[in-house]
There are 2 protein chains.
Amino acid sequence: MSGVTITDVAQRVGVSVATVSRYLSGFNVRQRDEIENAIHELNYRPSAAARNLKSGRTGTIAIVVPDISNPFFAAIATGAETVAGEEHMVMLVNSGAIREREEKILGELFGRVDGVILSPLQEDDEGPSFFSKYGLPIVFVDRITADAEKFDSVLVDNVKGARLATEHLIQLGHQKIAMITGPLHTTPGRLRAEGYTSALRKQKIALQESYLIESDFTREGGYASMVKLLEDPNPPTAVITGNNFMSIGALEALKEKRVRIPDDISIIGFDDLDFSTLIEPGLTAVFRHFEAQGAEAMRILLARISALATNTELSPQHSVVDVHLIERGSCAPPTGLPAQSKS
Amino acid sequence: MSGVTITDVAQRVGVSVATVSRYLSGFNVRQRDEIENAIHELNYRPSAAARNLKSGRTGTIAIVVPDISNPFFAAIATGAETVAGEEHMVMLVNSGAIREREEKILGELFGRVDGVILSPLQEDDEGPSFFSKYGLPIVFVDRITADAEKFDSVLVDNVKGARLATEHLIQLGHQKIAMITGPLHTTPGRLRAEGYTSALRKQKIALQESYLIESDFTREGGYASMVKLLEDPNPPTAVITGNNFMSIGALEALKEKRVRIPDDISIIGFDDLDFSTLIEPGLTAVFRHFEAQGAEAMRILLARISALATNTELSPQHSVVDVHLIERGSCAPPTGLPAQSKS
DNA sequence: TACGCTCCTGCAATCGTTCTCAGTATTCCG
DNA sequence: CGGAATACTGAGAACGATTGCAGGAGCGTA
């Protein structure tokens, strides 16, 4: 700790702590220059803890995400920062997709931040919103919990995204379309699968069980799922991957097995890859604006915080970010897979 | 705010706040079950602010980095988390490569965290270490400041990495080797350039001014620098890019200009790309273990914190993480660039 | 010079904990 | 059952800031 407190500054100048405090909060004070000097000479820094305790405000907002290494979540934070302004410092916390850690983190954040932007781990759980009930402003981003209609949220149009992808493939003539989705107890995992199945149903294409694979949003999961699809006795002619990491894993599997894209199989990723232009062919993908989602979440959170401060009623905001399809070279009409090469 | 305090719990059970406090810190207490119940029923959460104020400890460690969207820094955080344990919560803060923000952040962090892992923006500046002098434990990671020998740090062997890359190209027969490096006022920018120039000198290859380009670690910077090199009247036959983002930018430029790798130009990246296997040819790169760097930084920081707590003397630790070259397909003996195609 | 007004000041309470200290209840043993 | 040792308890002073309140300095005006 710095050791030097407001009292030291006050003594040095010969005023009361109250005066120094007032100087710090911008009031007019007679000995402002002396105080300023003393602060510099002593290298005084106000104790955040003491301030928080007295004022109840922290000037801090936390963003809690399941995977800090996913560029998507980094972009959420970046977007949120652009809106936060001078008032608030933004911190990113990694729950590491571990339920207990998420719980613990939220508990510790209580009283340490003015609000939280959270991407909760599971839908079938009211843990996170629980905190919100007891006064910690929370905005859900990208994922929600079961009782989320009562709380602020910013989602992407998952169903539409998956539908766009599926319909695009159907239009190209594909009938055997597979989807590698994330865990079904997460919002994007569930809704993207839903978009896929509903698009199939609408086009009267029967859903084949083995074509809908529930994976885990990781590269390894994408790889394993793709391998599984390739080993299917009746392999699909097109695949939709449920997020960026799984796209990478699936592409790796295809490359390794020397399955040509789009000749042998077509592939669409949910979420664009930031190196899409570097791979051959470019990956057709469902695009959404990451930063916009983060910015929107922050806007809603700040509104919520000030509503809380002024005791204003404010009904839950539910924002949905639009998506569209970016066509590159990874999709073509089906021709059927060649005989499997056991390499 | 939660509103419910330790006093409420104490009253409900009919004990003193001291007893509840003791229960919270794990002491044996007669009415432990009653207290536990009351805490649950009232949904009491201890105020972090009050705790910090009294105990001086926060249980929080901040990692302050210049660019949260760079996977390298995300990996630093991930690595650090593995070591932090239950005691400490790790938060990632983005300085956005803005000097004033870094300063402000450090100031606000003072008293709010037990220690900081920092990747400072500029070497020619003592701002960050200044905080360390006044009692905030800081470990520099990846970058240092001018007076860094007095403080803990974890660096990668930048000079060796750049030297390995340069020598590899020389061995292949290249003489016209260019380097796109980061800002020379940053540690990796400066040291990687140094490794490059010293390797050239050792092999008695004259350094050509236009071959050493100081860029900014961004994708756009890498792109622009590569374009500049290609437009050189006497273009290089090999290029080393100074970080991951600039590698992507450079590769984009090459692809766009239809320069073939490694036929027309060889390229080595400093830092591996996590999709290296997906591009054709694979990128030869200087590899370092990101997470290990973060883990090492956290280890040193925890040691520093406990040294401070126990008033133990502890001389500054300087850790250097080793690197090695991963050879893929992006390098070959030089054949000279074809005539430039103005596309 | 006297009066009132404004502006600034210091005192002291307060935020929600932790922790020392002294005291009371409980246990253990002979 | 008595006494000492042990285990737990409560009162109250911190921690470092903010803030309401009442009072004092300085100013302008008559």
Side-chain angles (χ1 to χ4, degrees), chain A residues 1-36 38-39 42-60 87 107-114 134-136 309, chain B residues 1-36 38-39 42-60 87 107-114 134-136 309:
Chain A
M1 297 307 105
S2 154
V4 26
T5 76
I6 199 172
T7 313
D8 301 320
V9 177
Q11 282 182 348
R12 173 133 184 166
V13 180
V15 292
S16 73
V17 293
T19 302
V20 179
S21 171
R22 276 186 272 257
Y23 163 83
L24 289 172
S25 20
F27 284 83
N28 237 340
V29 158
R30 264 192 272 280
Q31 323 209 39
R32 43 175 302 165
D33 295 342
E34 290 88 331
I35 294 179
E36 165 128 26
I39 287 177
L42 297 174
N43 186 36
Y44 162 74
R45 313 257 153 200
S47 147
R51 253 186 195 178
N52 299 173
L53 178 57
K54 193 66 183 75
S55 67
R57 295 254 216 63
T58 67
T60 301
E87 298 275 286
E108 303 214 339
L109 249 26
F110 216 120
R112 199 176 296 215
V113 299
D114 294 335
Y134 286 91
L136 179 64
Chain B
M1 300 307 104
S2 153
V4 25
T5 77
I6 198 173
T7 312
D8 300 320
V9 177
Q11 282 184 347
R12 173 132 182 164
V13 180
V15 294
S16 73
V17 293
T19 303
V20 179
S21 172
R22 274 186 274 257
Y23 164 82
L24 289 172
S25 20
F27 284 83
N28 237 340
V29 158
R30 263 192 272 279
Q31 323 210 39
R32 42 176 302 166
D33 294 344
E34 289 88 330
I35 294 178
E36 165 128 28
I39 287 177
L42 297 174
N43 186 36
Y44 161 74
R45 312 258 154 198
S47 147
R51 252 182 196 183
N52 300 172
L53 177 58
K54 190 66 182 85
S55 67
R57 295 256 214 62
T58 65
T60 302
E87 299 276 286
E108 304 214 337
L109 249 26
F110 216 121
R112 200 175 297 216
V113 299
D114 294 335
Y134 286 92
L136 179 63

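Because the structure is a prediction, the values reported are computed rather than measured. A note on names: the letters A, B, ... follow the listed sequences, proteins ahead of strands, and every chain is numbered from 1.
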**Q** Rounded to whole angstrom units, what separation is found between the CD1 atom of B:I6 and the C1' atom of C:dT18?
**A**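 Between C1' of C:dT18 and CD1 of B:I6: 8 Å.
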**Q** Looking at residues at least two apart in the chain, or sitting in another chain, which of them share a side chain to side chain contact (heavy atoms under 4.5 Å, CB included) with B:T7?
**A** B:T5, B:Q11, B:V17
**Q** Please report how far the helix from C:dT1-D:dA30 to C:dG30-D:dC1 bends, comparing the axis fitted to its first five pairs with the axis fitted to its last five, to the nearest 10 degrees.
**A** 30°
**Q** Rounding to an integer number of Å, can you tell me how far B:R57 CZ sits from C:dT17 P?
**A**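 It works out to 18 Å between those atoms.
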**Q** Only one of A:V20, A:V13, A:I35 forms a side-chain contact (heavy atoms from CB on, under 4.5 Å) with A:V29, so which one is it?
**A**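 Of the listed residues A:V20, A:V13, A:I35, the side-chain contact (heavy atoms from CB on, under 4.5 Å) partner of A:V29 is A:I35.
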**Q** Per the salt bridge (charged side-chain N to carboxylate O under 4.0 Å, His left out) rule, what does the pair list look like for residues 5-20 of chain A, sequence neighbours excluded?
**A**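 For residues 5-20 of chain A, and leaving out neighbouring residues, the salt bridge (charged side-chain N to carboxylate O under 4.0 Å, His left out) pairs sorted by first residue read A:R12-A:E41.
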**Q** For chain B and DNA chain D, what are the first and last nucleotides along the strand, 5' to 3', with at least one atom under 4.0 angstrom from a heavy atom of the protein chain?
**A**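 Range of nucleotides touched by chain B: D:dC8 to D:dG16.
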**Q** Using a cut-off of 4.0 Å between protein heavy atoms and nucleotide atoms, how would you tag nucleotides 7-15 of chain C 5' to 3' with B, S and -?
**A** -SBBB--BB
**Q** Using the test side-chain hydrogen bond (donor to acceptor under 3.5 Å, both in side chains), find all partners of A:R51 that sit at least two apart in sequence or belong to another chain.
**A**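 Residues passing side-chain hydrogen bond (donor to acceptor under 3.5 Å, both in side chains) with A:R51: none at all.
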**Q** Does C:dT17 have its OP1 or OP2 closer than 4.0 Å to a side-chain nitrogen or oxygen of B:Y23?
**A** no
**Q** Does A:E87 have any side-chain hydrogen bond (donor to acceptor under 3.5 Å, both in side chains) partners at least two apart in sequence or in another chain, and if so, which?
**A**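 side-chain hydrogen bond (donor to acceptor under 3.5 Å, both in side chains) check on A:E87 returns nothing, list empty.
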**Q** Filter on side chain to side chain donor-acceptor pair (under 3.5 Å), then keep only pairs touching residues 20-30 of chain A, sequence neighbours left out; what's left?
**A** A:Y23-A:E36
**Q** Once side-chain hydrogen bond (donor to acceptor under 3.5 Å, both in side chains) is applied, do any residues pair with B:S47, and if so which ones, sequence neighbours excluded?
**A**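 Partners of B:S47 under the side-chain hydrogen bond (donor to acceptor under 3.5 Å, both in side chains) test: none.
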**Q** Taking only residues two or more places apart in sequence or in another chain, which ones pass side-chain hydrogen bond (donor to acceptor under 3.5 Å, both in side chains) with B:S16?
**A**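 Partners of B:S16 under the side-chain hydrogen bond (donor to acceptor under 3.5 Å, both in side chains) test: B:T19.
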**Q** Quick one: is C:dG16 close enough that its OP1 or OP2 comes under 4.0 Å of any side-chain N or O from B:R51?
**A** no
